[in-house]
Every structure is written in structure tokens, then in C-alpha cells.
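Below: one structure, written as C-alpha cells.
Just so you know, ligand 1 is whichever comes first in the structure, and atom 1 is the first atom listed for that ligand. The first residue of the sequence shown is numbered 1, and numbering continues consecutively from there.
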Amino acid sequence: MIDAQRPTSYERMPNTACEQEFAILLEPSANRVYSENAVNMLRAEVGVFDEFLIDGAIGNVRVSTVAAAPCLRFSADGLTKRDLDCLANLSSSYVLFAVHDELLMPVAGTPLDRYDHDLLSILKYRGKTNEQFTKLLMNVTAATMNSVDAYLNRQLRVLDPLCGRGTTLNQAIMYGWDAYGIDIDRGDTGAYRAFISRWLKDKRLKHTLRESRVRRDGKTLGRRFSAEFAESKEEYRADRTQLIDVLTADTLHAADLHSGRGFDLIVTDAPYGVQHGAVNSQSKLSRNPSALLEEAMTGWSAVLRPGGSIGLAWNTRQTSRQILEAIMSAEGLQVVEGDHFQGFHHRVDQAIDRDLIVARKPHRRDPSA
Ligand SMILES: C[S@@+](CC[C@H](N)C(=O)[O-])C[C@H]1O[C@@H](n2cnc3c(N)ncnc32)[C@H](O)[C@@H]1O
């Protein structure tokens, strides 16, 4: 019924006669990932989407249940097809329903997802950033670019400068975007190369793999592995390809490794000091990632395009939000504030409480920059 009433254009059609009621049923796995906090995480993600992508059309957001299953209820006035397409990407959403007299009618937007879900779920290893959380971090970071057209229609360029075995890279690929990664650990980048080469073959996606050494000023900074591929042979021949580019290198060289590039998004999960230490410029393995983040932020900010956003997840047992805000602000990045950003803190295990922080690189003409 919602779709039938919908205009074919992307204009919002206010429906003052009756505000529509909606319910989002949560992915069953969300409770496992976020302990008790799943529905609040979804509420915060919906809040960020509403603020940056949906023009504040959503209101009265509240936690409820469908039978015994937790759900998020909200009301909205005249959601467009484009709004529904955005909501179809929420990381913990299982099904979105329109509610009529307590009867539920499924409402489908078109998600960005291009490939089978196994792209995200096959690789399992100690220290993997949970894929549902990675999707949330990517969504929230992308939303703050404040451009629904960029989020839904552009082939964004995403860098994970601490990419491990590529959870962020795979999420970017899933959305049809280009994925760039840097990690210092040869074991991690090697495992990712092996995985993605196999996956491209298994899915029979036409692709070209390349490997090279990266040199600057006569010095070797690292090794590069890249894969260019497309969903179909026709797309490949027409140069409508996607790129994966992974460097085995120190992230402190990010600006040299990617000079001249402007990434739309930087999305990364900082070392937790539990599975992964942070390697800083003295090649010291530290349990506290602040020193690495402080050193690395200059280069990361340099390769982010004006108007782009950086989203960082970290262990709050080791570093405070205030320290990260100071590190980001010192590089001219504007930390995105607001109530929704208080809603992402959650427990991972005995040693890790995780949160996320997002900052934007101002446009050059922005007077507040
Ligand atoms: C939390 S893990 C990222 C996990 C990744 N998101 C995944 O799901 O596989 C942090 C990563 O930072 C990397 N790292 C630590 N110091 C680094 C440095 N100086 N340069 C590049 N990578 C570094 C570690 O090797 C580790 O893979």
C-alpha cells in the first residue's frame, strides 16, 4: 500500500491526512552482536539516517515488540521511494513493516547490496570486526556526508587504513563502491588476497589481479595487491568496474601511499590492544592505540576529500572520546555531535567496550573550517 501511493519521482509528498506508522523487526543476529543493546543501536542508526538522509521525516521513534520479538516503531509523514531505499540498508533491520490497525504489511526499499551475503560472512577469524557492526559504521559515516545522492547513486571511494583481513573492504564492495585498504600485517593482507581471489573466481566475476611493490623516493614503502572486476562481462568491457586495492604497509605512510587521491570515506576499526596491537612510528607494539591514531590522523585527513567523512570504532576501555575528538579536531576535522552519537556504545566482551566517532572534513569554502 505504501508503494502504491508513492510518487515515481523522488519528491517528498507530505501526507497531512494521516501520519503512517512503521515497525522495524531486528535481524535475529543483532542481539548476539550487541548483547542487550541491539535495539538502541538501531534506534541511533535510524536517527542518523533521519537527520542526514531523510530530512527529519521520522518521528516518535520507540522500542516495542512484535509478538515477543523486539522491534523499533516510528511514525513518518510521506516517506519517498528514496527514503525507503535508504532504510533498506539499515544494518540490523530484518523487515520494515507499515502498521495498519496493528496489522503488519512488509514495505520493501531497494538495498545497495550487489552480491551474495557470503562475501561478508565466509571469512571467520579471531580479531575480525563483526560484519554487522562494520556495516553500521560504514552507514553512519556515509550518512554524515549529508548527500543522499552520494549514498545511493555514487561509486564511493572508501579507505580502511587499518584493514586487517578486509571486513570493511568487503562491505564497500557489497555496496558497489571501491575499496582501498592498508595493513602492516602481511599475514592479514595475504589472507585477504587469497580470499578475494578465490571469491572472484568462485562467483565467475570477470577480473584482473595485479601485484607490485610501492616505491617512493627510492624507498620501498610496501606491497600492493589490486583487483579490478565487474558484475558482468558487459560491465567489465564498458569499464564499469569496481576496484580493490590493498597495501601491506605502515598506515603512517598513508599520505605518501595515496598522494593525490581523495577518498570519500575513511572507515576503520582501531586496534584493541587485545587481539591486535597498534604499531606506531617507533615500531613499538602498544596496547593503547591513541599514539598510533594521533600520528596517523594527519595522513588520513590529508587523503580524505573535502566534504568526506571518517568513522572510527575503538575500545573505550583504552581511549576516551575526548582524546579522539582532540586528535581529529587538531587535523581540522569536524566531529559530528548529537544525541544519536551517544547511542552506539556497546559491550563486545570482557575486555572490549566499543564506541564509534565520526568527523567530517569541511569543504574549503566552509567559513567554519
Ligand atoms: C582491529 S584490527 C582491524 C580488523 C579488521 N577490521 C578486520 O575485520 O579484519 C586493527 C588492525 O590494525 C593493524 N595495524 C596496527 N598498527 C598498524 C600500522 N602502524 N599500520 C597499519 N596497520 C596497523 C593491525 O595489523 C590490525 O590488523
Exercise. Output all residues satisfying side chain to side chain contact (heavy atoms under 4.5 Å, CB included) with Ala38, sequence neighbours left out; order by chain, then residue number.
Key: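 Only Leu26, Ala30, Asn31, Tyr34 meet the side chain to side chain contact (heavy atoms under 4.5 Å, CB included) criterion with Ala38.
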
Quiz item: Does any non-hydrogen side-chain atom of Ile24 lie less than 4.5 Å from one of Leu42?
Solution: yes

Quiz item: Under a 4.5 Å cut-off applied to non-hydrogen side-chain atoms, are Glu337 and Glu325 in contact?
Solution: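 With C-beta onward as the side chain, the pair touches.
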
Quiz item: Is there a ring pair (Phe, Tyr, Trp, His ring centres under 6.0 Å) between Phe263 and Tyr180 once you walk through the steps?
Solution: CA-CA 9 Å; Phe263 293 103; Tyr180 294 77; 5.0 Å; yes

I'd like to know if [X] contacts ligand 1, where contact means a heavy-atom distance under 4.0 Å to any ligand atom.
| X | answer |
| --- | --- |
| Ala249 | yes |
| Leu252 | no |
| Cys163 | yes |
| Thr168 | no |
| Tyr125 | yes |

Quiz prompt | Thr208: side-chain hydrogen bond (donor to acceptor under 3.5 Å, both in side chains) partners, not counting sequence neighbours | solution =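 Testing Thr208 for side-chain hydrogen bond (donor to acceptor under 3.5 Å, both in side chains), a comparison that skips the adjacent residues, returns Tyr236.
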
By number and element, which atoms of ligand 1 are closer than 4.0 Å to a non-hydrogen atom of [X]?
| X | answer |
| --- | --- |
| Tyr272 | 1 (C) |
| Asp188 | 27 (O) |
| Leu292 | 16 (N), 19 (N) |
| Thr129 | 4 (C), 5 (C), 6 (N), 7 (C), 8 (O) |
| Asp250 | 18 (C), 19 (N), 20 (N) |
| Thr167 | 7 (C), 8 (O), 9 (O) |
| Asp185 | 25 (O) |

Practice problem: Compute both the distance and the angle, then confirm whether Arg210 meets the cation-pi test with Phe225: under 6.0 Å from the six-membered ring centre, within 45 degrees of the axis. | Solution: no

Quiz prompt | Chi angles and distances behind the salt bridge (charged side-chain N to carboxylate O under 4.0 Å, His left out) call for Asp116, Lys203 | solution = CA-CA 9 Å; Asp116 296 340; Lys203 299 290 167 184; 2.7 Å; yes

Exercise. Could you check Trp314 against Tyr272 for ring pair (Phe, Tyr, Trp, His ring centres under 6.0 Å), going step by step and ending with a plain yes or no?
Key: CA-CA 7 Å; Trp314 88 100; Tyr272 290 92; 9.9 Å; no

Exercise. Evaluate the side chain to side chain donor-acceptor pair (under 3.5 Å) criterion for residues Glu45 and Ser91: first the C-alpha distance (whole Å), next the side-chain angles of each, then the deciding distance (0.1 Å), finally the verdict.
Key: CA-CA 8 Å; Glu45 192 180 4; Ser91 61; 2.8 Å; yes

Self-check item: Carboxylate-amine/guanidinium proximity below 4.0 Å for Glu21 and Arg62
Solution: yes

Quiz item: Looking at ligand 1, does any of its N/O atoms fall within less than 3.5 Å of an N/O of Ala270?
Solution: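 N/O-N/O distance under 3.5 Å: no.
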
Quiz item: Between the candidates Leu162, Asn130, Ile182, which shows the shortest non-hydrogen contact distance to atom 23 (C) of ligand 1?
Solution: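 Selected option, by shortest heavy-atom distance: Leu162.
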
Quiz item: Does ligand 1 have a heavy atom under 4.0 Å from the side chain of Thr268, from its backbone, from both, or from neither?
Solution: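 Neither; nothing of Thr268 gets under 4.0 Å from ligand 1.
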
